[in-house]
Amino acid sequence: MQKPSLPSGTRDFAPQVLKRRQAIMRVLEQVFLSHGFDPIETPALENLKTLQGKYGDEGDQLLFRILNSGDFMGKAPEELRSDSKALSSHISDRGLRYDLTVPLARFVVMNRGQLTFPFKRYQMQPVWRADRPQKGRYREFWQCDIDIVGADSVLCEAELVEMYLESFAKLGLGVQVRINHRGLLDALLPALGSKSAWNEFMISIDKADKIGRDGVSQDLINREMGHAVPVWEWLCEAQDLDSFEAKLEAFEDRKIYEVEDANAQSVEQGKTACEKAIHDLKLLKSLLPDQASVVLDLTLARGLSYYTGAVFEVSADDARLPADFRLGSIGGGGRYDNLTGAFGLADVPGVGVSFGLDRIYDTMEAAGLFAEDSQAIAGVLLCPMDEESFALATQASRDLRAAGIPSEVYTSAAKLKKQLDYANNRGYALVGIIGDQERAEQCIMLKNLQTGQQEKIGMQQLIAQVKGVLGV
RNA sequence: GCGGUUAUAGCUCAGUUGGUUAGAGCAUCAGCUUGUGGCGCUGAGGGUCGCCGGUUCGAGCCCGGUUAAUCGCCCCA
């Protein structure tokens with residue numbers, strides 16, 4: 001016998017869990033629709049060519065590849081058979097999608113003739129990453145993405161951030177939305193000296209909340225980037241200012257991009273990027289509802305390989321969470337000005353954010369937000385005592401459903417105890433018992449499982465009686 | 001890709017310095033109660049102690065390997 005098992009990092013969702021996940025998705029969907037977003041879905045499988053090269057080297061390694069059908073080895077060049085990395089591109093042409101943004105880009109390019117721009121779409125589907133699973137990290141997980149394609153105004157960023165706030169408020173989860181801008185970080189380039197130093201700097205400062213500020217300084221020294229430590233220290237100083245506006249003013253005053261021995265072109269680019277960022281962020285802030293939960297986080301450096309403007313990250317900030325609860329971000333996104341460039345359609349700007357359904361669920365559960373939701377069914381379970389009662393039970397159940405009341409007939413004429421146990425376990429408020437007595441009188445013994453009271457109700461009065469008890 | 005921890009019934013876990021036939025709670029099923037539940041009582045079924053090997057008179061327990069899960073690093077939702 002084979003022991004049943006699940007691939008690492010995947011999960012089954014039992015009814016209780018799935019109902020809650022679906023409830024979360026319904027809340028999000030309602031927000032998305034109310035802001036004028038339309039749904040799309042794309043296939044789980046994409047051509048590997050579509051996916052590769054979009055997520056950096058590390059992302060490419062995390063792609064799930066699908067082995068070609070048929071004699072795939074026979075078609076692979078002989079000399080590559082010992083080199084699994086080179087071989088993989090010959091034996092695999094498809095892979096599972098890694099996120100929803102790249103499929104969106106492909107979709108937009110392929111359907112550009114039919115779409116109305118700006119195109120606002122939402123998409124809630126699973127994605128797959130061949131990552132090592134751990135707490136809050138799965139190999140199959142759901143993203144709920146909203147993107148605006150073909151519009152470059154900060155109005156878009158403001159709407160998306162507002163949708164974050166709106167959604168999490170409706171879910172009842174306290175969050176903090178952190179915002180940064182690629183331009184502010186680009187302004188550091190002259191001081192850091194080179195693009196590769198800039199990249200390493202970003203990797204390092206992104207760890208600040210984990211290893212601390214001194215940890216980052218030490219990390220920079222370890223990376224032989226001692227010259228970057230003053231930049232980091234200045235950034236921390238700015239970060240300590242208490243308002244969104246004050247941090248921006250610090251950038252305005254300091255002109256961090258002005259470095260004496262840097263080349264003029266680099267300084268000029270830094271200046272342009274910085275001024276654009278300051279302008280965008282000021283405007284963005286002015287458009288947002290006045291919320292303490294939106295902060296400018298100068299150390300936020302996520303996913304900069306493809307973002308070109310504002311970047312966002314959402315983390316849980318809820319007093320009901322255990323003090324040691326840490327799960328990384330539950331949402332993130334940003335602006336990418338050349339979304340569709342890789343597919344041959346230039347100059348299509350886009351901005352989008354993602355809701356990490358699985359982490360939102362895990363966080364809400366840890367905060368105890370599901371503790372009180374009852375799984376009760378405000379409906380009626382019909383309990384036939386014998387086969388002769390099936391017809392009356394079926395008819396009663398049908399009538400109840402037609403009146404908008406959930407109802408089912410128990411699956412057999414089992415012992416009453418067993419049927420009542422089922423009703424209790426499922427959380428039914430009412431049961432309707434039907435046996436020979438009820439059949440003779442064309443009525444139902446309607447029993448309230450909370451109070452234990454029961455009375456015979458004629459078929460004509462059943463709906464009204466049930467509605468009265470359930471209060472609907 | 002790298003490191004730590006764990007692995008005993010469907011689930012959560014006990015299991016003493018290695019010593020008869022491996023236990024509990026929950027869950028399931030049956031009975032107490034021919035058509036009245038939640039509680040209770042009685043009973044039943046359910047285990048190759050992850051897998052392979054070693055040490056020993058004797059291994060769930062000690063040792064080696066292996067697989068899987070889990071936590072952390074990298075990266076990310």
Side-chain angles (χ1 to χ4, degrees), chain A residues 1-11 14 55-63 85 98-101 124-145 164 175 202-204 206-207 210-211 219 300-306 311-316 324 326-334 352-363 381 383-386 389 410 413-439 444-456:
Chain A
M1 189 194 70
Q2 176 195 353
K3 268 194 184 171
S5 65
L6 231 36
S8 172
T10 67
R11 295 147 299 154
Y55 309 107
D57 288 346
E58 298 218 336
D60 278 0
Q61 286 173 5
L62 297 180
L63 290 172
K85 209 168 181 180
Y98 177 91
D99 70 0
L100 301 178
T101 305
M124 303 196 282
Q125 290 191 279
V127 301
W128 294 268
R129 295 183 189 178
D131 210 343
R132 184 62 139 258
Q134 49 188 268
K135 189 175 183 182
R137 173 182 298 179
Y138 307 100
R139 284 182 159 177
E140 177 183 67
F141 61 98
W142 282 63
Q143 293 193 326
C144 308
D145 273 29
Y164 262 149
V175 296
M202 293 309 143
I203 291 168
S204 190
D206 203 35
K207 295 191 285 193
K210 255 184 190 163
I211 62 176
D219 186 56
L300 177 60
R302 67 183 306 278
L304 284 163
S305 49
Y306 50 90
V311 292
F312 316 107
E313 196 163 293
V314 185
S315 40
D324 60 347
R326 295 188 129 266
L327 206 71
S329 61
I330 56 178
V353 298
S354 178
F355 292 74
L357 177 65
D358 306 83
R359 286 187 179 178
I360 291 171
Y361 181 95
D362 290 348
T363 304
L381 177 75
C383 303
M385 298 318 300
D386 47 35
S389 302
Y410 188 76
K415 283 189 185 172
L416 189 54
K417 170 176 162 52
K418 194 166 172 155
Q419 301 198 41
L420 292 175
D421 277 344
Y422 176 82
N424 281 318
N425 287 337
R426 294 293 309 281
Y428 271 103
L430 295 168
V431 294
I433 301 163
I434 302 173
D436 47 10
Q437 297 160 30
E438 289 79 9
R439 251 186 358 262
I444 283 176
M445 183 66 83
L446 189 67
K447 182 179 179 73
N448 184 323
L449 288 173
Q450 269 89 56
T451 64
Q453 289 172 345
Q454 60 182 39
E455 76 178 295
K456 283 183 184 168

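Each chain gets a letter, A, B and so on, in the order its sequence line appears, and its residues count up from 1. The analysis underlying the following values was restricted to heavy atoms, covering all of them including side chains, and did not include hydrogens, waters or symmetry mates.
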How is [X] classified with respect to the nucleic acid when contacts are heavy atoms under 4.0 Å: base, sugar-phosphate, or nothing?
| X | result |
| --- | --- |
| A/Lys447 | base |
| A/Gln143 | sugar-phosphate |
| A/Ile203 | sugar-phosphate |
| A/Gly59 | nothing |
| A/Ile330 | sugar-phosphate |
| A/Gly435 | base |
| A/Asp99 | nothing |
| A/Gln419 | nothing |
| A/Asp421 | sugar-phosphate |
| A/Tyr422 | nothing |
| A/Glu140 | nothing |

Give none if [N] has no partner; otherwise give the nucleotide forming a Watson-Crick or G-U wobble pair with it, both distances under 3.5 Å.
| N | value |
| --- | --- |
| B/A24 | B/U12 |
| B/A69 | B/U5 |
| B/G53 | B/C63 |
| B/C41 | B/G31 |

Check the distance between [N]'s [atom2] and [X]'s [atom1] and give it to me in whole angstrom.
| X | N | atom1 | atom2 | answer |
| --- | --- | --- | --- | --- |
| A/Leu6 | B/U70 | CG | C1' | 15 Å |
| A/Leu446 | B/U36 | CG | C1' | 14 Å |
| A/Arg439 | B/G35 | CZ | C1' | 12 Å |
| A/Lys135 | B/C75 | NZ | P | 20 Å |
| A/Tyr410 | B/G35 | OH | P | 14 Å |
| A/Arg11 | B/A69 | CZ | P | 14 Å |
| A/Phe312 | B/C76 | CZ | C1' | 18 Å |
| A/Arg129 | B/C76 | CZ | P | 9 Å |

RNA chain B: 5'-proximal contact among A/Lys415 and A/Ile434 (nearest heavy atom):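 Nearest nucleotide further toward 5': that of A/Lys415.
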Toward the 5' end of RNA chain B, which comes first, A/Asn425 or A/Gln454, by nearest nucleotide?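 By nearest-heavy-atom nucleotide position, the 5'-most residue is A/Asn425.
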Would you say the side chain of A/Lys456 lies within less than 4.5 Å of the side chain of A/Ile444, judging by non-hydrogen atoms?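 No, every pair of side-chain atoms sits at 4.5 Å or beyond.
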Please tell me which of the listed nucleotides, [options], lies nearest to the side chain of [X]?
| X | options | answer |
| --- | --- | --- |
| A/Ser8 | B/C76, B/G35, B/A69 | B/A69 |
| A/Asn424 | B/G31, B/U36, B/G37 | B/G37 |
| A/Arg132 | B/C2, B/G38, B/C76 | B/C2 |
| A/Asp131 | B/C75, B/U36, B/C76 | B/C75 |

Do any side-chain nitrogens or oxygens of A/Lys418 fall under 4.0 Å of OP1 or OP2 in B/C29?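 The answer is yes; a side-chain N or O of A/Lys418 sits under 4.0 Å from OP1 or OP2.
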Can you tell me if A/Gln134 touches the phosphate of B/C71, counting only side-chain N or O atoms and a distance under 4.0 Å to OP1 or OP2?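 No, because none of the side-chain N or O atoms of A/Gln134 sits under 4.0 Å from OP1 or OP2 of B/C71.
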Look at the side chain of A/Glu438 against the base of B/G35 and say whether a donor-acceptor pair falls under 3.5 Å; ignore hydrogens and angles.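 Yes, the side chain and the base share a sub-3.5 Å donor-acceptor pair.
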Inter-nucleotide [atom1] distance ([N], [M]), Å rounded:
| N | M | atom1 | value |
| --- | --- | --- | --- |
| B/U12 | B/G40 | P | 23 Å |
| B/A14 | B/A9 | C1' | 13 Å |
| B/U8 | B/C62 | P | 15 Å |
| B/G47 | B/G60 | C1' | 11 Å |
| B/G53 | B/G45 | P | 31 Å |
| B/U55 | B/U28 | C1' | 42 Å |
| B/G43 | B/U33 | C1' | 16 Å |
| B/C39 | B/C29 | P | 14 Å |

Calculate, to the nearest 0.5 Å, the distance between atoms OG and CD1 belonging to A/Ser204 and A/Ile211 respectively.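 Here the rounded value is 5.5 Å.
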Between CE of A/Met445 and CD of A/Gln454, what distance do you get to the nearest 0.5 Å?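 With rounding to 0.5 Å, CE (A/Met445) is 4.5 Å from CD (A/Gln454).
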Checking A/Arg11 against A/Tyr138: charged group under 6.0 Å from the ring centre and within 45 degrees of the axis?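 Positive - A/Arg11 is close enough to the ring of A/Tyr138 and near enough to its axis.
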Return the orientation label for the A/Tyr55 and A/Tyr98 ring planes: parallel under 30°, perpendicular over 60°, tilted otherwise.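 It falls in the tilted class, 30° to 60°.
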Ignoring hydrogens and geometry, is there a side-chain-to-backbone donor-acceptor pair from A/Ser389 to A/Ile434 under 3.5 Å?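 Such a contact is found between A/Ser389 side chain and A/Ile434 backbone.
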A/Arg139 and A/Thr10: CA distance, side-chain angles, deciding distance, side-chain hydrogen bond (donor to acceptor under 3.5 Å, both in side chains) verdict: CA-CA 6 Å; A/Arg139 284 182 159 177; A/Thr10 67; over 6 Å; no
Between A/Arg129 and A/Asp99, does any NZ, NE, NH1 or NH2 come within less than 4.0 Å of an OD or OE carboxylate oxygen?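 No, this pair does not count.
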